[in-house]
Colleague: 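The following block contains the structure, expressed as structure tokens.
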There are 2 protein chains.
Amino acid sequence: MSQEIPEIIIGRLPLYLRALKRLKMTGQGYTSSKELGEVLNLSPAQIRKDLSQFGELGTRGQGYQIKFLINKLHQILNLERTHDMAIVGAGDVGEALAKYKNFIHCGFQVTTIFDNDEEKIGTKMSGIVVQNSAEMTRVIIEKEIEIALLTTPAKSAQEVADQLVKAGIKAILNYAPIELKVPEGVHVEHIDPAVHLQKLSYYLG
Amino acid sequence: MSQEIPEIIIGRLPLYLRALKRLKMTGQGYTSSKELGEVLNLSPAQIRKDLSQFGELGTRGQGYQIKFLINKLHQILNLERTHDMAIVGAGDVGEALAKYKNFIHCGFQVTTIFDNDEEKIGTKMSGIVVQNSAEMTRVIIEKEIEIALLTTPAKSAQEVADQLVKAGIKAILNYAPIELKVPEGVHVEHIDPAVHLQKLSYYLG
DNA sequence: TAGATTGTTAATCGATTAACAATC
DNA sequence: TAGATTGTTAATCGATTAACAATC
């Protein structure tokens, strides 16, 4: 049935989900593409087009039932179960992510932390014992970890990514300031605050 | 001369800059759109098109002089001076950003931290005294802070953004999981790890 | 000169928007 | 029935790519 949905649409689904959860808290049962558009600064047409990729999720004349649509998005985005994640790199960024409270509430949890620094191995970070990176492949497979949060320095990021791919990881959230090479079928998202700031800086001119 | 450059192009310039700095470290003097494309997983044509928006920055037959192009991008992106930033919200995310080491090396520095929690006001976070949010407008103007890192809970984010706008802030890096409404001329970039993870999660299905 | 690579035009591709019949 | 709002088609818009003359 469903043929290849454009990545740009997949990227918007979490925003829809976030907005819907927010609207649900206000107590209302239904919303419309118009209302969602206002909340998200998107056009109603775009929202209808995006959602229609996954079937007829609304009702003409009434709009979208919030509860139903949240459920549907959970299904589509594979959020019906919690995903286990590993942090690779027990530096400041790794620590911040280990402490980050929103994850569990969004369907994710950090279960494992790796580092190659002898000083750090065996110590606890946010309640989790830091393990030796040398054990990474084995542990990832054993614990069925699905997602890696890559927080090593740029220098070693590609090497670590290669190991993660070997361990069967298909999803990497990359905090290292470098573009990673990964084979087809492995997905990488990038977060680099400096890149965002430099973009903002342009508009200060 | 230069008429309205598309935002999508501005967003790629920091990536070019990052890649160029990396190439410079290898010691080579020139690069090409082909090489940059390989490093960044972009097409050479796109890189040439993007750069040509800002004049003839390369030399036919030779490519781009790395030093010159880095300089030029610094000019374009307003990175020839350091930008002062304020963190609003002294929680875990705020703390992580206060500690983040890459900023200064990219042309940014955190000079001020605000919070409205009596317990936190007056304490130090990464060497910076947390100030009362009630003083925010005054302090931002006095210290000529240009960029705000918004790390409050979603609940208060819009209200804080409104105050920031009143204080004359034109650039906000928003870590709160909510879309902000800001007037024309104010620029917002969003960072929400959960949104990236939920996108990745789709591809695990 | 031959090889390399830019800057730029035209062609292609894909995403967004407008419009409206369907239908609650 | 009248009003509202979806799902979908067609039109528009903008971004990417291909191709090549210019030129080092």
Side-chain angles (χ1 to χ4, degrees), chain A residues 1-17 19-20 23 28-73 76 179 199 202, chain B residues 1-17 19-20 23 28-73 76 179 199 202:
Chain A
M1 180 190 80
S2 68
Q3 42 143 348
E4 198 74 54
I5 311 286
E7 193 181 327
I8 198 160
I9 292 182
I10 302 305
R12 279 193 294 263
L13 299 184
L15 302 177
Y16 297 162
L17 185 56
L20 287 162
L23 286 170
Q28 69 189 101
Y30 276 78
T31 186
S32 65
S33 58
K34 184 161 170 284
E35 185 177 46
L36 272 173
E38 276 157 16
V39 170
L40 289 166
N41 302 323
L42 298 173
S43 81
Q46 179 165 74
I47 290 169
R48 292 203 300 278
K49 191 100 200 283
D50 283 357
L51 294 176
S52 72
Q53 304 282 321
F54 305 96
E56 306 206 355
L57 307 184
T59 311
R60 286 159 205 251
Q62 322 278 196
Y64 299 94
Q65 198 199 346
I66 293 177
K67 229 172 92 178
F68 171 82
L69 193 49
I70 288 176
N71 263 257
K72 199 73 196 176
L73 286 171
I76 294 166
E179 202 71 22
K199 184 181 169 194
Y202 173 83
Chain B
M1 179 192 78
S2 67
Q3 42 143 349
E4 198 74 53
I5 310 287
E7 192 180 328
I8 198 160
I9 292 181
I10 303 304
R12 278 192 294 262
L13 299 185
L15 302 177
Y16 297 162
L17 185 56
L20 286 162
L23 285 171
Q28 70 188 101
Y30 276 78
T31 186
S32 64
S33 59
K34 183 161 171 284
E35 184 177 46
L36 272 173
E38 275 158 16
V39 170
L40 289 166
N41 302 323
L42 297 173
S43 81
Q46 179 164 73
I47 289 169
R48 291 202 301 276
K49 192 98 198 284
D50 284 357
L51 294 176
S52 72
Q53 304 283 320
F54 305 96
E56 305 206 355
L57 307 184
T59 310
R60 291 152 128 102
Q62 322 279 196
Y64 299 93
Q65 198 198 347
I66 293 177
K67 231 171 92 178
F68 171 82
L69 193 49
I70 288 176
N71 263 256
K72 198 74 196 175
L73 286 171
I76 295 166
E179 203 70 22
K199 183 180 169 194
Y202 172 83

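A, B, ... follow the sequence lines: proteins, then strands. Residue 1 opens every chain.
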Colleague: D/dG7 phosphate, OP1 or OP2: any side-chain N/O from A/Tyr64 under 4.0 angstrom?
Modeller: yes
Colleague: How is the base pairing of DNA chain D summarised as a dot-bracket string, given the Watson-Crick and G-U wobble criteria with both distances under 3.5 Å, [ ] for crossing and | for another strand?
Modeller: ..||||||||||||||||||||||
Colleague: Whole Å only: how far is the NZ atom of A/Lys34 from the P atom of D/dG3?
Modeller: 16 Å
Colleague: Dump every N/O contact between nucleotides 14-17 of chain C and the protein below 3.5 Å, one line per pair.
Modeller:
{"unit_1": "C/dT16", "atom_1": "OP1", "unit_2": "A/Arg12", "atom_2": "NH1", "d": "3.1"}
{"unit_1": "C/dT16", "atom_1": "OP1", "unit_2": "A/Gln46", "atom_2": "NE2", "d": "3.2"}
{"unit_1": "C/dT16", "atom_1": "OP2", "unit_2": "A/Arg12", "atom_2": "NH2", "d": "3.1"}
{"unit_1": "C/dT16", "atom_1": "OP2", "unit_2": "A/Gln46", "atom_2": "NE2", "d": "3.1"}
{"unit_1": "C/dT16", "atom_1": "O5'", "unit_2": "A/Gln46", "atom_2": "NE2", "d": "3.0"}
{"unit_1": "C/dT17", "atom_1": "OP2", "unit_2": "A/Ser43", "atom_2": "OG", "d": "2.9"}

Colleague: Could you work out, with side chain to side chain contact (heavy atoms under 4.5 Å, CB included) as the rule, every residue matching A/Ser52, not counting sequence neighbours?
Modeller: none
Colleague: Evaluate side-chain contact (heavy atoms from CB on, under 4.5 Å) for A/Tyr16 paired with A/Leu42, printing each intermediate quantity in order.
Modeller: CA-CA 10 Å; A/Tyr16 297 162; A/Leu42 298 173; 3.7 Å; yes
Colleague: Which residue pairs satisfy the salt bridge (Lys or Arg N to Asp or Glu O under 4.0 Å) criterion with at least one member in residues 46-72 of chain B, sequence neighbours excluded?
Modeller: B/Arg12-B/Asp50
Colleague: Taking OP1 and OP2 of C/dT6, is either one under 4.0 Å from a side-chain nitrogen or oxygen of B/Arg48?
Modeller: yes
Colleague: What nitrogen or oxygen pairs link the protein and nucleotides 22-24 of chain C at under 3.5 Å?
Modeller:
{"unit_1": "C/dA22", "atom_1": "N3", "unit_2": "A/Arg60", "atom_2": "NH1", "d": "3.2"}
{"unit_1": "C/dC24", "atom_1": "O4'", "unit_2": "A/Arg60", "atom_2": "O", "d": "3.0"}

Colleague: CD of B/Glu4 versus P of D/dC13: gap in Å, rounded?
Modeller: 17 Å
Colleague: Do any pairs count as a salt bridge (Lys or Arg N to Asp or Glu O under 4.0 Å) and have a residue in residues 31-45 of chain A, sequence neighbours left out, and if so which ones?
Modeller: A/Lys34-A/Glu38
Colleague: Output all residues satisfying salt bridge (charged side-chain N to carboxylate O under 4.0 Å, His left out) with B/Glu179, sequence neighbours left out; order by chain, then residue number.
Modeller: A/Arg18
Colleague: Find the distance B/Leu69:CG to C/dT6:P and express it as a whole number of Å.
Modeller: 11 Å
Colleague: Does the side chain of B/Leu73 come within less than 4.5 Å of B/Ile70's, by heavy atoms?
Modeller: no
Colleague: Stepwise, does the side-chain contact (heavy atoms from CB on, under 4.5 Å) test hold for B/Ile5 with A/Tyr202?
Modeller: CA-CA 11 Å; B/Ile5 310 287; A/Tyr202 173 83; 3.7 Å; yes
Colleague: Determine: side-chain N/O of B/Ser33 to OP1/OP2 of C/dT6, distance under 4.0 Å, yes or no.
Modeller: yes
Colleague: Not counting sequence neighbours, which residues clear side-chain hydrogen bond (donor to acceptor under 3.5 Å, both in side chains) with B/Gln65? List them please.
Modeller: none
Colleague: Could you tell me the separation between the CG atom of A/Leu51 and the CD1 atom of A/Ile76, rounded to the nearest 0.5 Å?
Modeller: 8.0 Å
Colleague: Considering every strand and a 4.0 Å limit on heavy-atom distances, what is the contact class for B/Leu57: base, sugar-phosphate, or nothing?
Modeller: sugar-phosphate
Colleague: CG of A/Leu36 versus P of D/dA4: gap in Å, rounded?
Modeller: 19 Å
Colleague: Measure OH/B/Tyr30 against C1'/C/dT5 and give the value in whole Å, please.
Modeller: 12 Å
Colleague: Just to verify, what does B/Asn41 make a side-chain hydrogen bond (donor to acceptor under 3.5 Å, both in side chains) with, not counting sequence neighbours?
Modeller: A/Lys181
Colleague: Taking side chain to side chain contact (heavy atoms under 4.5 Å, CB included) as the test, write out the residues that go with A/Thr59, two or more places apart.
Modeller: A/Gln62
